[in-house]
Colleague: 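If you scroll down you'll find the structure; I have some questions about it.
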Amino acid sequence: MIRDDSDGAALPELDPVIHAQARLRVVAALNVLREGDEMAFNSMKELLGMTAGNLSVHLSKLEDAGYVRITKTHKGRTPATYAALTPRGRLAFEDYTKAIRALLDTAGGAP
């Protein structure tokens with residue numbers, strides 16, 4: 001989305017679901033996976049240096065937005081949780097990165 005500022009220049013709007021730093025890191029980590037691939041919760045927790053509770057909260061917000069798919073299963077008797085970016089989440093991340101680039105281009109004062 002784009003909105004006008006007081007000078008009439010178009011400024012991109014950033015998706016508030018992705019814009020939170022922790023959720024941006026989660027989406028960026030999942031975006032490197034091929035479509036259909038999943039990342040184990042514990043692997044993501046270690047990769048991002050997040051606590052289980054913090055990661056769980058952010059994954060829930062992303063899941064509520066339709067950006068992430070959560071799969072809960074078992075390995076033997078041990079519960080296992082996996083996360084994957086949905087097609088909607090991939091598109092939202094692509095739009096977000098375009099908006100960030102556009103915002104940085106306007107802020108840079110490029111001629």
Side-chain angles (χ1 to χ4, degrees):
M1 293 186 145
I2 297 186
R3 70 170 192 266
D4 291 333
D5 68 5
S6 59
D7 296 335
L11 292 176
E13 268 193 49
L14 302 176
D15 184 332
V17 175
I18 295 176
H19 191 63
Q21 181 185 12
R23 290 192 295 273
L24 176 57
R25 292 172 61 219
V26 168
V27 173
L30 292 174
N31 191 61
V32 301
L33 300 176
R34 291 186 318 234
E35 192 166 332
D37 284 353
E38 302 175 313
M39 185 179 290
F41 181 88
N42 286 332
S43 297
M44 191 180 323
K45 183 179 72 151
E46 288 179 26
L47 175 70
L48 300 175
M50 296 173 74
T51 65
N54 194 22
L55 179 57
S56 181
V57 166
H58 290 294
L59 282 172
S60 292
K61 289 183 189 262
L62 290 164
E63 183 180 36
D64 290 346
Y67 293 173
V68 169
R69 181 187 75 248
I70 304 296
T71 304
K72 294 184 181 255
T73 187
H74 285 82
K75 284 186 173 182
R77 292 184 176 198
T78 306
T81 301
Y82 297 91
L85 211 51
T86 64
R88 180 179 179 180
R90 286 189 188 280
L91 180 60
F93 185 66
E94 183 180 321
D95 290 345
Y96 180 86
T97 56
K98 286 178 186 175
I100 284 285
R101 286 186 183 104
L103 182 62
L104 293 174
D105 287 346
T106 61

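Start at 1 with the first residue, then count along the sequence.
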Colleague: Tell me whether F93 is reachable from L104 by hopping between hydrophobic residues (I, L, V, M, F, W, Y) whose side-chain heavy atoms are closer than 4.5 Å.
Modeller: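 Yes, L104 and F93 fall within the same hydrophobic cluster.
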Colleague: On a heavy-atom basis, which atom in A83 and which in L59 lie closest, and how many Å separate them?
Modeller: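 Nearest heavy atoms, A83 then L59: CB-CD2, 4.1 Å.
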Colleague: Answer with yes or no whether the hydrophobic clustering places V68 together with L33; edges join I, L, V, M, F, W, Y residues whose side-chain heavy atoms lie under 4.5 Å apart.
Modeller: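 Yes: a chain of side-chain contacts under 4.5 Å links V68 to L33.
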Colleague: Which atoms form the tightest heavy-atom contact between T106 and L103, and what is the distance?
Modeller: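 Here T106 and L103 meet closest at OG1-O, 2.8 Å.
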Colleague: Would you say V57 and L30 are hydrophobically clustered, going by side-chain heavy atoms of ILVMFWY under 4.5 Å?
Modeller: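 In one cluster with V57: L30, no.
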Colleague: For residues 50-69, pull every pair meeting ring pair (Phe, Tyr, Trp, His ring centres under 6.0 Å), keeping only residues two or more places apart or in separate chains.
Modeller: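 As it turns out, there is no ring pair (Phe, Tyr, Trp, His ring centres under 6.0 Å) pair with a partner in residues 50-69 once direct neighbours are skipped.
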Colleague: Is there any side chain to side chain donor-acceptor pair (under 3.5 Å) pair reaching into residues 85-96, and which pairs are they, with sequence neighbours excluded?
Modeller: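 Applying side chain to side chain donor-acceptor pair (under 3.5 Å) to every pair that reaches into residues 85-96, excluding sequence neighbours, yields H19-Y96, N31-R90, E94-K98.
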Colleague: Got a second to check how far D15's CG is from T97's OG1, nearest 0.5 Å?
Modeller: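 If I round to the nearest 0.5 Å, the distance is 11.5 Å.
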Colleague: With side chains defined as the heavy atoms from C-beta onward, is the minimum distance between L62 and V27 less than 4.5 Å?
Modeller: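 When only atoms from C-beta onward are counted, V27 and L62 do touch, with a gap below 4.5 Å.
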Colleague: With sequence neighbours left out, write down each residue that passes side chain to side chain donor-acceptor pair (under 3.5 Å) with N42, or none if nothing qualifies.
Modeller: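 If we apply the side chain to side chain donor-acceptor pair (under 3.5 Å) test to N42, skipping adjacent residues, there are no hits.
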Colleague: Please list, one pair per line, the donor and acceptor atoms closer than 3.5 Å that link side chains of residues 69-78 to other protein atoms, with sequence neighbours excluded.
Modeller:
from : atom 1 : to  : atom 2 : distance (Å)
R69  : NH2    : E38 : OE2    : 3.3
T71  : OG1    : E38 : OE2    : 3.0
K75  : NZ     : Y82 : OH     : 3.4

Colleague: First locate atom CG of L91, then atom CG of L85, and finally report the distance between them rounded to the nearest 0.5 Å.
Modeller: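 Answer rounded to 0.5 Å: 10.0 Å.
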Colleague: Side chains of residues 43-53: which donor-acceptor pairs under 3.5 Å do they make with residues two or more places apart or in other chains?
Modeller:
from : atom 1 : to  : atom 2 : distance (Å)
T51  : OG1    : N54 : N      : 3.1

Colleague: Under the rule for side chain to side chain donor-acceptor pair (under 3.5 Å), what residues qualify as partners of K61, not counting sequence neighbours?
Modeller: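 If we apply the side chain to side chain donor-acceptor pair (under 3.5 Å) test to K61, skipping adjacent residues, there are no hits.
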